[in-house]
Amino acid sequence: MQSLIDFKNSLNAQQYDAVVSTEGPHLVIAGAGSGKTRVLVYRTAYLVDQGIDPRQILLLTFTRRSANEMLERAASILDERCRNVSGGTFHSFANLILRRYADRMDLSPHFTILDDSDATAIIARLRAAKGLDKADKKFPRKNTVYDIISKSVNKCTDVADIIYDEMPQFEPWIETIEDIKEQYMVQKRQMGVLDFDDLLISLRNLLQTRSDVRQALSQQYRYIMVDEYQDTNRIQAQIVRLLADVHDNVMAVGDDSQSIYSFRGALFKNIIDFPDVFPGTRLIKLEENYRSSQPILDLTNEVVSCAQEKFDKILFTRQEGSRRPVYRDVMNETAQSEYIVSKIREMQSRGTALDDIAVLFRSGWHSNYLEIELSRWGIPFVKYGGQKFVDSAHVRDIVAYLKILQNPSDQTSWMRVLTLMRGIGPKTAAGIAQAAAEAGSCRACGTISVKQASVRRLLEFVSRIDSRTQSPEEILDLTLQFYYPILVDQYDDYDKRGNDLESLQKIVKDYDLLENFLADITLDPPEQSVLKARERGKAQKSLVLSTIHSAKGLEWDTVFLIHLCEGQLPSYRAFDDQGAIEEERRLFYVATTRAKRHLFLLRPQMLPQRGGQGPSASPYTRVSRFLGEGRILDLLVDIEHRRPSIDERPRSGGWHSGRKRDMLTDYFDRTESCLDDW
DNA sequence: TCGATCGGTCATGGA
DNA sequence: GACCGATCGA
């Protein structure tokens, strides 16, 4: 068959090798910007072009967004058949398979998925039920408890191990926490709900224990590709192994230098172990960088070489370019924001499109000031990462109603919905939630007898809905009608919140099953600012603000990296753990490698104090250690600082190429002495 | 039993 | 800003 695509000339030798090697296990080590996405896209197209049924191809990625984008691109270079490829995250894949095989594993096919806040709400109740003594003042909070439990699950280890290793301050309560974990597991089972971790665990168990299912799935998915393999955890690696049971046709793609999810149990050792798990693995290395200019690449190579556990890998490029990355001290967040705005306006006037520029940061709140400044200047932006649209109270309220309608045993959602009512507290709510769960169906809820008229109305409402026959759109409309008076009663800014609920109505139109809508909103929550941007009109291009984590796999012409201070990047939470510092450095690496032509590194000299950081807390910051390592400073330039302004530099001094290191040392010393003075 | 209020403590990343 | 325990009046 003659292909319409010239694969050979669209790819370099290594990429081509990876694309046409369709049989047997392959490990692709792909440096940043080396065209790893391109390989996955072309390989998908190649397989389909070879006549392989797209439904036999499975593409597992880190976010749903990247899976969709890749399939879109594959479809655009080949044809529409590529859209039938199965693509998504491990979690969404698990969701799909578990519903299909629920009957084999003592699980309702209509299970609901717990998001973080549902999960921590359960923990909070269990925690409260323990009735902690006064001596237990320092018992971890619900989020921390959940964190410990989730980590122990993801790392396949004990609660005790996690606490000894990472949070020794909670040692006195190991047993209590283990106990809470136990009860948490039991409650989830009773409620017919799964949390994020359960999705993976249950899928693995299904594949492990049911050889018929394992073989059926392995036959179905003959060609498996896994993106971002360095960020998979142990369970995910096991799932891959089991899925490839009958054919070993797996291509894992990854870059150990970009592993940034160990907080979620990711194990970049999975990459190293891959050849052992899949004997006969062929290793393919992609080392030519197609993204960044040489000066930027020099910097990022230097960052990697400062890493403690490094694998020899130096990227090279043929991209010309002479502009070195810029380092700049700014007085505070306001100055930082003003600097970015002025630069952006300058670049825009030179013809750079707004969506070719990104501002990256370690934590969601780092961009707060900037967002205000951008709004003032009327510069449109979308923000990825941080607080999500679905995290707002009123959206969660609605989702709780829908979850009840989908799964009346979901007591957590009952609790939320019931306590919204005046005069109903935790005690009363728990009783009713219990009764509702026992009733077992929405219809049966109508027969529960209660005193409160408001609750009677709720139960009656629930009993009238049938989530199996009514459309999600219809159900949401009825729910909103019921909820609206409560919204007005609960929140004084109800009109603003009402707008969000309208966005929800727009999203729900795409679904014909409530359970799919609910699964998606939990597994792939829409970003608020993206929704807003969509409403503003598609033609409008927007600046991108993103956490570094959410920027993984993306690239921009110009990148600003902000808040480069000790305590921000690296996060102060990593200070006393070398392994965690290494991960922070990889974050720095991921951030700097996003830039194609222009990279700006910014550091505010002062940040508002955020309490709880000891008596030495001071508004003066110290520059991030990552800028002082190796030859990093020699690779940066501060062209703006030939004439330092009093405004921005409280003390005189400029950055000149020969003396940069000394200047930085001076800077450290001076900031130190400021600390002393404080 | 509910809900309002107050003071102390801590604050990352996201499927 | 949110979370948590404590307290108090209804």
Interatomic distance, [X] [atom1] vs [N] [atom2] [rounded to whole Å]:
| X | N | atom1 | atom2 | answer |
| --- | --- | --- | --- | --- |
| F196(A) | dG13(B) | CZ | C1' | 14 Å |
| R125(A) | dC4(C) | CZ | P | 14 Å |
| L554(A) | dG14(B) | CG | P | 13 Å |
| D391(A) | dA15(B) | CG | C1' | 13 Å |
| Y146(A) | dG13(B) | OH | C1' | 14 Å |
| N368(A) | dA11(B) | CG | P | 18 Å |
| F139(A) | dG5(C) | CZ | P | 10 Å |
| D520(A) | dG14(B) | CG | C1' | 16 Å |

When you check the phosphate oxygens OP1 and OP2 of [N], does a side-chain N or O of [X] lie under 4.0 Å from one of them?
| X | N | value |
| --- | --- | --- |
| T63(A) | dA15(B) | no |
| S550(A) | dG14(B) | yes |
| R586(A) | dG13(B) | no |
| Y572(A) | dA11(B) | yes |
| R573(A) | dA11(B) | yes |

Please list all pairs meeting salt bridge (charged side-chain N to carboxylate O under 4.0 Å, His left out) that have one or both residues in residues 109-120 of chain A, counting only residues at least two apart or in different chains.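 Of all non-adjacent pairs touching residues 109-120 of chain A, those that pass salt bridge (charged side-chain N to carboxylate O under 4.0 Å, His left out) are D118(A)-K403(A).
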
Candidate nucleotides [options], ranked by approach to the side chain of [X] - the nearest:
| X | options | value |
| --- | --- | --- |
| K427(A) | dC2(B), dT12(B), dA15(B) | dC2(B) |
| R127(A) | dG5(C), dA11(B), dA15(B) | dG5(C) |
| Y261(A) | dG14(B), dA15(B), dA4(B) | dG14(B) |
| K142(A) | dC3(C), dA15(B), dG13(B) | dC3(C) |
| R141(A) | dG13(B), dC3(C), dC2(B) | dC3(C) |

Check every strand shown and say whether [X] touches a base, only sugar-phosphate, or nothing at a heavy-atom separation below 4.0 Å.
| X | answer |
| --- | --- |
| S92(A) | nothing |
| R64(A) | nothing |
| F90(A) | nothing |
| D116(A) | base |
| T522(A) | nothing |
| L587(A) | nothing |

Would you say F263(A) stacks on dG13(B), if stacking means ring centres under 5.5 Å apart and planes within less than 30 degrees?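 It does: the two rings, one from F263(A) and one from dG13(B), meet the stacking criterion.
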
5'-most contact on DNA chain B: R422(A) or H549(A), nearest heavy atom basis?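 Result: R422(A).
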
When you match A429(A) and R264(A) each to their closest nucleotide on DNA chain B, which lands nearer the 5' end?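 Counting from the 5' end, the first nearest nucleotide belongs to A429(A).
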
Ion pair check, D227(A) and K36(A), cut-off under 4.0 Å: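 Here D227(A) pairs with K36(A) in a salt bridge, since their nearest N and O are under 4.0 Å apart.
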
Check this for me, if you would: do D391(A) and R396(A) make a salt bridge, where the nitrogen-to-carboxylate-oxygen distance has to be below 4.0 angstrom?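 Looking at D391(A) and R396(A), the cut-off is not met.
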
Can any side-chain N or O of T593(A) pair as donor or acceptor with the backbone N or O of Y589(A) at less than 3.5 Å?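 It does hold such a pair.
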
Report yes or no: does T621(A) contribute a side-chain atom to a donor-acceptor pair with the main-chain N or O of Q605(A) at less than 3.5 Å?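 Yes; judged by distance alone, with no hydrogens or angles, the pair exists.
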
Start with the C-alpha distance between E527(A) and K383(A), add both sets of side-chain angles, then the distance that settles salt bridge (charged side-chain N to carboxylate O under 4.0 Å, His left out), and finish with yes or no. CA-CA 8 Å; E527(A) 307 273 349; K383(A) 181 174 175 180; over 6 Å; no

Can a cation-pi geometry be assigned to R264(A) and F196(A), taking NZ or CZ under 6.0 Å from the six-membered ring centre and within 45° of the ring axis?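 No cation-pi geometry.
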
Rounded to the nearest 0.5 Å, what separates atom NZ in K269(A) from atom CG in N233(A)?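 Answer rounded to 0.5 Å: 13.5 Å.
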
What's touching nucleotides 7-9 of chain C from the protein side, N or O pairs under 3.5 Å?
none

Distance-only donor-acceptor pairs under 3.5 Å for side chains of residues 163-170 of chain A, two or more places apart:
{"unit_1": "E166(A)", "atom_1": "OE1", "unit_2": "K151(A)", "atom_2": "NZ", "d": "2.8"}
{"unit_1": "E166(A)", "atom_1": "OE2", "unit_2": "K155(A)", "atom_2": "NZ", "d": "3.2"}

